[in-house]
Amino acid sequence: MPRLRLLFLLALFPVMVAGAQLGLRAAGMEYCLTQLTMSVYYALVVMGLCLLMGYAGQVSLGHGAFFALGGYTTAVLTTHDFSGIRACAGVGVLERAGLLVAQQDLYGQAGLSVAPWAAFAAAMLLTFVVALLIGYPALRLRGHYLAMATLGFTLIVSKLLLGSALTGSADGIHGVPEWKLLPGLTVSGRSALRVQNYYLACGLALLLLLGLRNLLRSRVGRALLAIHDRETAANAMGINTAAYKLKVFVLSALLAALAGVFFTHYTGGIAPSEAGALKSVRYVALAAAGGMANLWGVTVMSIALNYCSLRGWFGSYDNAVFGALLILIISLAPEGPLKPLGLWLRRLAGRPDPERRTPHGAP
Amino acid sequence: MQNESLALQYLLSGITKGSIYAVVAIGFNLIYSATGIINFAQGEFLMLGGMVAVTLAAYVPLPVAVTGAVALVALVGGLLELAFFRRLRRHSILHLVIITMGLSIVIQETALHIWDEKVRSLPYFTGNEVSSVRFLGAAISPQVLWVLGTVALAVLGLHFFLRYTLTGRAMRACSSNPEAAMLAGINIPNMRTLAFGLSAALGALAGCVVSPMTMTHYEMGAPLAIKGFAAAILGGLGNPMAAVAGGLLVGLLEAASVSCLPAVYNDVSAFVILLLVIFVRPQGLWGALAPDRVREH
Amino acid sequence: MALLEVTDVRRAFGGLAAVDGVSFTVKPGQIKGIIGPNGAGKTTLFNLISGLLKPDAGRITFRGRSITGLKPYEIAGAGLSRTFQNPSLFLQMNVLENVMVGRHCRTRWGFLGCGLRWPGQAREERAIREAARAQLDVVGLAHLAGWSAGALPFGQRRMVELARALATEPAMLLLDEPASGLNTREKEDLGRLIRQIRDRGITVLLVEHDMSVVMGLSDDLLVLYNGRPIAEGAPAAVQNDPRVIRVYLGEDLQNDESGGDAPPRAPATPPATCCSR
Amino acid sequence: MAGIGVLGTLWLTSSCSPPPPSEPVKIGALFSVTGPASFLGAPEEKTVQMRIEQINAAGGINGRKLQLVVKDTAGSPEKAVSFAKQLIEEEKVLAILGPSTSGETMAIKDLCEQNQMLLVSCAAAETIVNPVARYVFKVPQKDSQAATWIYRTMKEKGISNIAIVSSTDGFGAAGKKQLEDLAPAEGITIVANEVYDKQATDLTDVLTKIKGNPKVQAVVNWSIVPAQSIVAKNMKQLGMDMPLFQSHGFGNRKYVQQAGAAAEGILFPASRLLVVEDLPANHPQKEVLATYKKDYESRFKEDVSTFGGHAYDALLVVVEALKKAGEPEREKVRDALETLTGVVGTAGIFNFSPTDHTGLDLTAFEMLTVKDGQFVAYKQ
């Protein structure tokens with residue numbers, strides 16, 4: 001990998017991030033960062049989907065549910081008042097270990113609930129287990145059957161969230177506390193911490209982008225592409241296709257749950273609409289609109305589209321515009337609108353990618 | 001209220017729900033078997049059928065309104081295929097399915113702006129809201145019999161069309177082997193347009209016949225499409241008769257789960273069982289495909 | 001000691017026995033050919049050996065270890081690689097990357113290591129790239145490394161698939177009709193290449209219709225008909241075996257098996273090119 | 001590369017240009033005009049647009065015109081959070097009207113409290129004003145008041161064992177909670193309690209379960225359209241003739257037409273907006289209700305709905321507070337609003353206090369029933 005091109009790509013993303021932030025401060029409209037931060041968190045889910053659908057070719061309509069799984073676990077643990085169990089033995093130990101902290105909400109109601117870091121770990125663990133349980137049987141299926149299995153899973157999760165009082169039934173959970181990641185870094189929606197949270201979200205996205213990019217440029221990435229193209233041939237070449245499909249499914253589920261946890265702490269709450277089928281369909285559509293197997297394209301497209309809808313540019317036509325854009329992009333540019341832009345950027349970076357002298361078109 | 005008639009009543013309410021899902025599932029199967037696409041906008045054909053019929057019913061008698069709605073929505077279905085799918089060549093089935101998702105959203109929003117967000121419904125075909133057919137202590141609305149009649153009519157009509165008419169056989173040919181069908185002189189694009197049009201007509205007819213019971217509003221399509229998709233897969237993709245059985249089964253599962261579990265979990269139990277069936281027998285209960293050749297796109 | 005031992009393998013598809021009690025062995029360093037008319041069960045036998053299909057009965061042992069019923073990737077790991085009847089390259093990748101996929105079972109870095117670009121992983125990546133280029137040199141396509149796999153003509157796709165199979169460092173290579181679709185010059189190159197592979201110590205099991213290729217290459221031959229072996233031995237001996245000749249001239253052996261003593265109607269010495277179609 | 005950064009910024013900023021400095025008072029509004037709660041949000045938005053135009057035509061408040069900034073949240077809480085932040089930080093509105101659903105209101109309750117933003121919600125859930133937040137008010141009648149009216153009427157009819165069915169949306173869940181909390185005090189025992197999916201197309205199975213319970217003397221359904229008409233029809237089709245009570249969400253003549261013959265005899269607490277004709281002339285709300293109904297129905301050619309009425313009241317209390325405070329300084333307006341009394345709205349007569357941020361009492365409701373397809377005041 002020529003050093004120059006790698007450095008160029010590495011530099012591009014932070015420059016855009018900082019440029020946007022400084023530009024907004026100059027224009028006195030830094031509040032737009034809020035919607036950008038929310039869009040970046042949503043983009044994490046679509047990145048996972050790009051890996052799963054674009055590279056490994058496994059359709060999943062279940063990532064709304066994984067986002068909600070992450071968000072709800074941390075919301076329930078950090079807002080539920082566990083002081084009722086103060087009597088039993090374990091609580092003392094947990095409290096000293098800092099797992100349980102006293103919470104004080106705006107209206108003076110005190111309570112004992114789990115510390116955000118512990119809740120985050122629990123959310124990731126629960127998602128890992130659930131993704132394995134649902135992934136193992138589902139990934140033996142193909143195409144529409146896999147889509148239906150994951151859609152069924154999403155509906156089960158969303159109806160359970162709607163039905164149970166613990167998860168606040170239809171109103172969801174609110175008053176989720178801030179999450180002090182590190183001494184100087186707190187995930188919170190307060191306007192004072194807006195710039196800090198913007199860079200936190202973009203930093204997290206950049207780290208994940210780099211990790212996924214390395215993954216895709218390695219033997220694992222090639223194995224995923226091989227599974228997508230011809231699973232039998234990949235299997236005959238020594239790739240344990242079943243295990244790889246499951247691993248990439250679990251990884252994308254963890255990414256979605258991670259996004260759910262950060263988003264819940266940032267907006268201070270989560271609602272059952274996050275786990276709805278419409279949300280999962282929207283993630284798949286965003287991945288497709290971004291070019292499916294094009295990691296940067298998918299990220300940029302999902303940030304842009306989510307930003308427009310969160311800004312409310314289209315008013316009550318928001319859904320209609322999203323649907324129309326989706327149809328337009330996929331019918332005109334199935335490889336994604338940003339592919340030509342990607343190639344132009346590569347040319348701009350000195351020389352076209354030596355390893356793809358002829359463009360690949362499907363046979 | 002002895003428990004036999006209670007059980008019979010649960011059975012009847014399961015059939016009522018199941019008949020609605022079945023009539024949606026048939027529309028799925030038609031487009032799937034002709035083009036291999038799972039049409040996520042199938043629920044929208046139902047909604048459009050209901051909306052157009054209600055608008056027409058204000059001016060013309062009910063039967064004319066229903067036929068008018070079916071014809072109009074069939075036209076819309078055909079036009080959608082022409083506009084969006086006709087010239088797409090280098091697209092995978094996954095891309096086409098995502099386009100139907102986009103279509104579903106766009107149709108919903110346009111319906112919201114053409115009509116409005118209010119709930120409306122066709123009058124009951126026979127009797128009115130309170131009339132019911134009673135036997136053995138259980139009761140069912142006559143409209144359900146109309147829905148079951150429509151389902152039977154649709155299945156028999158489809159069966160006859162696909163088996164004994166030339167175009168029907170051509171449509172089946174182009175779904176099982178498009179290349180061979182093309183060589184045999186079948187115009188594949190027209191077949192696909194016809195499949196969309198026919199499926200839209202079926203959806204519209206279903207929309208009209210369920211409207212008195214489920215009421216029609218611009219957002220009713222999406223949840224019904226998901227249940228119809230589940231019924232089609234449970235029964236066995238591609239087979240209209242199996243889709244009806246799948247639909248009735250989903251309805252009965254929900255009714256059974258309501259009888260023993262709290263009602264809020266009826267969807268949960270229906271989908272848990274659906275997942276179990278898919279994992280064990282992916283091609284569905286009456287599907288024809290061999291397990292390992294689960295049709296992939 | 002035989003490298004590959006197939007004993008009484010049977011596989012039926014809904015009553016039709018595609019492979020019905022086939023037994024044979026392949027010695028190390030040997031080129032063994034499998035011939036037979038269409039529908040004789042050659043490809044099914046290949047799929048049984050390489051794990052794509054599970055045998056209903058019988059045992060397959062490779063280097064003394066039973067590989068019956070193992071998954072294809074486990075068999076590839078054990079050192080038995082294959083090519084396909086119609087070349088199945090990964091079209092979203094370029095030629096070099098296709099061959100690099102072959103290195104998969106010989107390398108070990110997983111999701112975490114590749115994601116964090118661990119130093120060891122970067123080294124392994126470079127080693128994979130070099131090994132793949134070397135394999136491309138072997139098949140003489142190093143200049144096409146950057147080309148997209150989808151843009152290659154048929155003959156070159158076969159060669160890339162061969163390079164990919166070699167990249168798994170197999171002890172034994174299964175070639176499924178490598179010569180089909182090649183012109184005469186390409187067939188000669190293929191013959192030379194297969195001999196080079198054999199000389200490097202890789203045993204080759206070859207399924208092929210083109211008699212000129214298989215007869216010239218094979219040290220040993222197995223003839224299948226209706227899923228059953230009817231002849232085995234050196235090419236010359238097999239060529240004169242009356243049953244093989246009658247099978248190839250399209251007569252049914254059914255009456256012969258039942259009769260058992262009917263004289264072979266074919267002329268005693270077959271014309272030199274009788275079997276090449 | 002800087003070019004791309006600037007390009008990106010221009011693209012971002014074009015969407016949030018600061019409002020031109022002029023003196024109209026800005027009032028923000030979050031309604032779910034589209035999406036699952038559209039029949040709440042659509043009439044609310046139309047009502048507020050109409051009222052703002054009327055107020056501006058009459059010279060505005062204290063000589064300053066009102067400028068309305070409406071955002072359509074489409075019923076999704078994350079959009080409500082994003083738009084609320086826009087209204088607070090960018091538009092710097094005086095107060096926010098809405099949101100339409102209790103889920104969205106709860107999502108931004110803490111946000112508005114922390115940023116000292118005045119929020120007058122059009123959703124009915126009790127938790128919006130309990131625990132009381134200094135800056136958060138709500139105008140619809142309390143669910144508990146509707147539940148009390150239902151229980152009082154039941155006692156008059158000698159009913160003590162009831163079944164509750166409610167939908168899985170915010171409205172249904174809040175109502176169910178109030179019915180459960182108030183039942184013991186009112187001497188009512190709940191023998192069956194079922195929740196169904198708000199998008200349910202058929203409820204015969206849930207009602208069969210209730211029909212199978214001999215002790216049930218009456219059914220209370222707490223949901224919005226279309227489930228409430230489906231429950232009414234299914235009960236009659238199943239031959240269940242015990243009385244059916246509906247929530248105050250039943251308040252629209254159209255829903256009666258949809259339930260058709262099955263609506264006969266349904267009892268529900270409703271604001272007087274629906275029976276304004278037979279209100280006595282001297283009734284304090286008569287004049288407000290009559291003008292609102294006439295204006296709305298003449299302009300939008302559709303029946304007036306109590307949900308539209310909630311938006312009318314939300315704007316009304318903010319405008320009254322603004323008049324009382326004199327100038328649009330948020331802290332003053334908040335204090336004025338908290339001490340407003342005797343404001344005649346469509347839902348009732350508002351008397352706010354530091355502990356009561358909804359300002360309505362039991363008189364806000366009146367028990368109605370349906371006779372020959374018309375709403376009629378229920379008399380024992």
Side-chain angles (χ1 to χ4, degrees), chain A residues 11-12 15-24 26-36 38 42 105-109 159 162-163 165 168-175 189-191 194 263 267-274 279 304 307-313 315-320, chain D residues 1-2 4-13 15-18 33-36 45 70-79 81-83 85-86 88-90 101-111 113-115 125 127 131-133 167-174 177 195 197-198:
Chain A
L12 174 67
V15 163
M16 279 175 68
V17 165
Q21 192 266 330
L22 295 175
L24 284 176
M29 276 166 291
E30 232 173 14
Y31 32 71
C32 292
L33 293 184
T34 318
Q35 282 73 29
L36 261 181
M38 292 164 86
Y42 276 128
D105 73 0
L106 281 171
Y107 316 102
Q109 281 161 337
K159 299 293 177 193
L162 269 172
S169 62
D171 292 346
I173 293 173
H174 309 286
R190 286 211 315 273
S191 45
R194 181 182 305 129
F263 190 84
T267 55
I270 187 160
S273 64
E274 289 292 343
K279 226 25 179 186
Y307 177 80
C308 297
S309 83
L310 284 172
R311 283 301 305 172
W313 277 6
S316 54
Y317 295 94
D318 176 59
N319 246 342
Chain D
M1 276 315 93
I4 291 198
V6 169
L7 186 73
T9 325
L10 279 179
W11 165 64
L12 291 175
T13 55
S15 64
C16 21
S17 47
V33 182
T34 59
E45 192 211 12
V70 190
K71 297 268 181 183
D72 172 21
T73 63
S76 65
E78 70 274 3
K79 278 198 185 152
V81 169
S82 164
F83 296 153
K85 285 187 175 175
Q86 283 176 32
I88 294 170
E89 291 153 1
E90 297 168 44
T101 68
S102 29
E104 291 164 306
T105 309
M106 290 309 295
I108 64 171
K109 175 178 176 183
D110 291 1
L111 180 70
E113 185 68 0
Q114 281 157 358
N115 292 293
T127 48
V132 176
S167 57
T168 53
D169 50 22
F171 185 74
K177 192 172 172 308
V195 177
D197 185 78
K198 67 177 188 293

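Numbers restart at 1 for each chain; the letters A, B, ... are given by sequence-line order, proteins then strands.
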Contact summary for [X] and [Y], nearest pair of heavy atoms:
{"X": "D:S102", "Y": "A:D171", "value": "OG-OD1, 3.8 Å"}
{"X": "A:R311", "Y": "D:K71", "value": "O-NZ, 3.6 Å"}
{"X": "A:S191", "Y": "D:N115", "value": "OG-OD1, 4.2 Å"}

Quick check on [X] against chain A: is it the side chain, the backbone, both or neither that has a heavy atom closer than 4.5 Å?
{"X": "D:V70", "result": "neither"}
{"X": "D:T34", "result": "side chain"}
{"X": "D:K198", "result": "neither"}
{"X": "D:E113", "result": "side chain"}
{"X": "D:A74", "result": "neither"}
{"X": "D:V81", "result": "side chain"}

Is it the side chain or the backbone of [X] that comes within 4.5 Å of chain D heavy atoms, both, or neither?
{"X": "A:Y317", "result": "neither"}
{"X": "A:S273", "result": "side chain"}
{"X": "A:N319", "result": "neither"}
{"X": "A:E274", "result": "side chain"}

inquiry  = The criterion is salt bridge (Lys or Arg N to Asp or Glu O under 4.0 Å); which residues satisfy it with D:E78, sequence neighbours excluded?
reply    = A:K279
key: Heavy-atom side-chain contact between D:K109 and D:T127 under 4.5 Å   =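 No, too far: nothing below the 4.5 Å cut-off.
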task = Could you check if a side-chain atom of D:K85 sits within less than 4.5 angstrom of a side-chain atom of D:E90, using non-hydrogen atoms only?
result = no
remark   = By ring pair (Phe, Tyr, Trp, His ring centres under 6.0 Å), D:F83 pairs with (sequence neighbours left out) none
remark   = Comparing D:K79, D:E45, D:E104, D:M106 against chain A, the one with the most heavy-atom pairs below 4.5 Å turns out to be D:M106
query = How are the rings of A:F263 and A:Y42 set relative to one another: parallel (under 30°), tilted (30 to 60°) or perpendicular (over 60°)?
reply = tilted
